[in-house]
Amino acid sequence: MSESPLPTGTVHLVGAGPGDPDLLTLRATRLIMTARIIVHDGLVDPAILAMARPGTRMISVAKQRARHTMPQDAINALLVAEARAGNDVVRLKGGDPFVFGRGGEEAEACRAAGIAVDVVPGVSAALGAAAAAQIPLTHRASASIVSFVAGQCKGLTDQDWAGLAGKGRTLVIYMGVATAEVIADKLMADGLAPDVPVAVIENATRPTMRVLRGPLAGLAALVGRNRVKSPALIVIGEVAAEPETELRALAREITA
Ligand code: SAH
């Protein structure tokens with residue numbers, strides 16, 4: 001007697017947002033709370049993982065002390081194997097799965113294996129950080145273009161960022177803490193003024209959030225002096241300037 005094959009499961013690529021559980025979408029919340037298997041990376045906040053039912057199989061593919069992150073191929077294979085075994089899998093990622101999240105690679109691997117994929121967007125770090133630090137990424141007075149770039153990638157210095165920052169533009173750099181000095185030098189070599197405002201937002205939307213500000217030329221020193229650690233974002237452009245307060249406006253008037 002031949003057994004009918006198990007129906008394959010679905011892989012849900014789910015954005016967990018930048019940290020604060022309140023920023024999860026309702027769809028992400030529902031999937032997390034009903035999941036039987038959650039495969040998550042290191043950026044997903046523990047408070048979000050704690051929303052899973054007791055008994056949910058939690059598989060971390062994050063860096064753990066000496067152990068390195070699971071290679072992407074192994075993660076893809078894991079998702080495919082679980083779905084083939086008939087399991088629905090919630091693949092939980094920080095921010096949005098399709099913004100520097102390798103969600104594209106996982107979706108391709110599943111589709112190639114004939115596995116159904118469902119993608120649930122999340123609040124990407126740039127949007128969460130901008131809201132939490134009250135930095136509008138666009139503003140009619142100062143920025144009508146916003147770009148997201150990865151600050152940690154092969155051949156960083158050879159990448160063409162010309163035109164992404166400067167007047168009327170906001171540049172948001174993900175994964176740029178370790179390379180802050182190279183980034184500032186690169187942008188200034190491209191002609192950006194050393195006094196362009198910069199904001200560094202560490203642990204955005206979490207209770208430990210810090211917002212640090214300064215001029216572009218001082219970016220490396222700002223990061224070094226304050227021992228900024230990942231996860232952090234760098235926002236470059238007029239919108240990152242210290243907000244005007246009544247006191248500051250008064251001080252300006254007095255010194256003028
Ligand atoms: N898919 C994610 C990005 C993953 S890349 C998203 O859409 O947000 C990882 C980088 O995201 C980190 O190096 C950092 O630059 C940024 N990041 C993620 N969470 C953050 C947070 N809470 N605060 C500041 N930056 C964050």
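Every number for a ligand or one of its atoms is a count from 1 in the order of the listing. Residues: numbered from 1 along the sequence shown.
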Any nitrogen or oxygen of I201, side chain or backbone, less than 3.5 Å from one on ligand 1? no

How many angstroms lie between CG in L187 and CD1 in I173, if you round to the nearest 0.5 Å? 5.5 Å

Mark up the atoms of ligand 1 that fall under 4.0 Å of a heavy atom belonging to D96, in ascending order. 1 (N), 6 (C), 7 (O)

M33 and L31, any side-chain heavy atoms less than 4.5 Å apart: no

So, regarding I173 and ligand 1 (criterion: nitrogen or oxygen to nitrogen or oxygen, under 3.5 Å), is there a contact or not? no

Note: A232, heavy atoms under 4.0 Å from ligand 1, region reported as backbone

Counting from 1, what ligand 1 atoms have a heavy atom of L233 closer than 4.0 Å? 15 (O), 24 (C), 25 (N)

Taking only heavy atoms of A125, which atoms of ligand 1 are found under 4.0 Å from at least one of them? 6 (C), 7 (O), 8 (O), 16 (C), 17 (N), 18 (C), 19 (N), 20 (C), 26 (C)

Does a sphere of radius 6.0 Å around CZ in R36 hold more than 12 heavy atoms from other residues, nucleotides or ligands, not counting ones at 6.0 Å or beyond? no

Strictly below 4.0 Å, N to O, side chains only: are E181 and K186 in salt-bridge contact? no

Short list, please: which atoms of ligand 1 are under 4.0 Å from a heavy atom of N203? 22 (N), 23 (N)

Nearest to atom 7 (O) of ligand 1, what protein heavy atom do you find, and at what distance? S124 OG, 2.6 Å

Considering non-hydrogen atoms of the protein only, which is the closest contact for atom 5 (S) of ligand 1, and what is the distance? F100 O, 3.6 Å

Check each heavy atom of T205 against ligand 1 and say whether those closer than 4.0 Å belong to the side chain, the backbone, both or neither. neither

Checking heavy atoms under 4.0 Å, the part of L43 that sits near ligand 1 is side chain

Residues L24, V14; criterion side-chain contact (heavy atoms from CB on, under 4.5 Å); working and verdict: CA-CA 10 Å; L24 284 169; V14 180; 6.0 Å; no

Within-4.5 Å side-chain heavy-atom neighbours: I236 and R169: no

Applying a strict 4.0 Å limit to heavy atoms, is G94 in contact with ligand 1? yes

Rounded to the nearest 0.5 Å, the CH2 atom of W161 sits from the CD1 atom of I183 at a distance of 4.5 Å

